[in-house]
Chemist: 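Before I ask anything, let me first share the structure, which is written out below as structure tokens.
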Amino acid sequence: MSSMLLACASVVLSGISPAMAAAPMAHHAAPGYYRIMLGKFEITALSDGTFDMPVDKLLQGIKPAAINKMLAKHFESSPLQTSVNAFLVNTGTKLVLIDTGAGKFLGPTLGNVLKNLEASGYQPGQVDDVLITHMHMDHLGGLLADGRMTFPNATVWVNKKDADYWLSPANLASVGKTHKGAFKNAMAAVKPYKAAGHFKTFTGKKTLVPGIRSLPEPGHTPGHTGYLVTSEGKTMLVWGDIIHVQAVQFPDPSVTIAYDSNPAEARATRLKLLPGLARDKALIAGAHLAFPGLGHVRQARHGYVWVPVNYTVPR
Ligand SMILES: [Zn+2]
């Protein structure tokens with residue numbers, strides 16, 4: 001045995017870790033929030049987590065081979081790990097949460113909005129208003145924590161068309177078994193807020209909080225709504241589910257998804273919205289764009305290109 005090996009052996013025997021020992025992997029990621037300023041408003045993107053979406057089976061109006069080709073161009077494949085994002089807006093006088101993530105409705109890889117809201121420096125009791133883009137589980141599940149209101153002091157706002165659709169006992173009764181869960185969960189999520197008088201609906205374009213206005217974007221659901229957030233001449237559109245799969249639907253915005261209530265209307269809304277957003281160089285916040293889901297859209301020869309925001313630290 002060489003003297004070198006003897007030295008190593010003596011280190012091990014004396015209980016001191018040799019330098020070449022592998023460190024255990026840490027696994028967990030950084031807290032899932034990202035912050036920017038929009039004029040005088042503070043915007044915090046909150047990650048709810050991600051879920052694996054079998055996009056080659058869900059996207060419609062396009063062949064699976066074409067989907068896979070477009071994903072591959074982005075170094076992605078199906079099932080696609082897909083972000084679920086919510087957005088917290090501090091206007092200086094109101095703390096407003098737009099969407100809440102899935103809560104306990106969609107398994108252990110989601111349901112992190114509350115944890116990340118706290119990590120970002122806020123408490124759920126401080127939230128004044130919760131604006132829901134639409135009543136799918138991945139957007140309103142976070143309203144509940146252990147069956148109670150996660151945001152006990154907040155007013156929850158939903159477009160009346162979505163409330164009428166998802167909270168209708170007649171609709172629940174008329175849909176097939178596989179669709180009943182979506183209705184039941186929507187009803188459960190808003191129940192304690194309704195009981196407390198904290199649930200409100202609106203129609204069309206309305207200023208719900210100073211600096212935040214609703215923008216109807218129907219199709220994905222009947223009352224699917226974006227929220228225009230404006231401060232000091234700067235505007236951000238929190239657009240909900242206008243795009244689910246960025247590698248496919250930006251280059252070809254005519255592609256729809258099985259989750260759409262009315263695919264033709266969802267397509268028309270998307271095709272109508274994108275040119276103006278590109279022309280106005282609007283800041284966009286997307287629920288299913290890769291976290292933090294903030295960026296701009298640029299018109300290209302074929303469709304559009306998504307340009308995520310540069311990393312900055314607010315000052
Ligand atoms: Zn969604």
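Atoms within a ligand are numbered from 1 in the order they appear, just like the ligands themselves. For this chain, numbers begin at 1 and follow the sequence in order.
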Chemist: For Lys234, I'd like to know if atom NZ has over 12 heavy atoms of other residues, nucleotides or ligands within 6.0 Å.
Modeler: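 Result for NZ/Lys234: open.
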Chemist: Would you call the rings of Phe250 and Trp306 parallel, tilted or perpendicular, taking 30° and 60° as the class edges?
Modeler: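 Correct class here is parallel.
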Chemist: Rounded at 0.5 Å granularity, tell me how far CZ in Arg35 sits from CG in Asn90.
Modeler: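 Rounded to the nearest 0.5 Å, the CZ-CG separation comes to 8.5 Å.
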Chemist: Distances under 2.8 Å only: what protein N/O/S atoms are near the Zn ion (ligand 1), ordered by chain and residue?
Modeler: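 Per the 2.8 Å query on the Zn ion (ligand 1), atoms found are Asp138 OD2, His139 NE2, Asp241 OD2, His288 NE2.
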Chemist: Anything under 30° is parallel, anything over 60° is perpendicular, the rest tilted; go ahead and classify His288 against His244.
Modeler: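 Parallel: the ring planes of His288 and His244 meet at under 30°.
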Chemist: Ser83 and Phe291: which non-hydrogen atoms are nearest, and at how many Å?
Modeler: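 Looks like OG-N, 3.0 Å.
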Chemist: Should we say atom NZ of Lys73 is surrounded by more than 12 heavy atoms from elsewhere, each under 6.0 Å from it?
Modeler: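 No - once you tally the heavy atoms of other residues, nucleotides and ligands closer than 6.0 Å, there are 12 at most.
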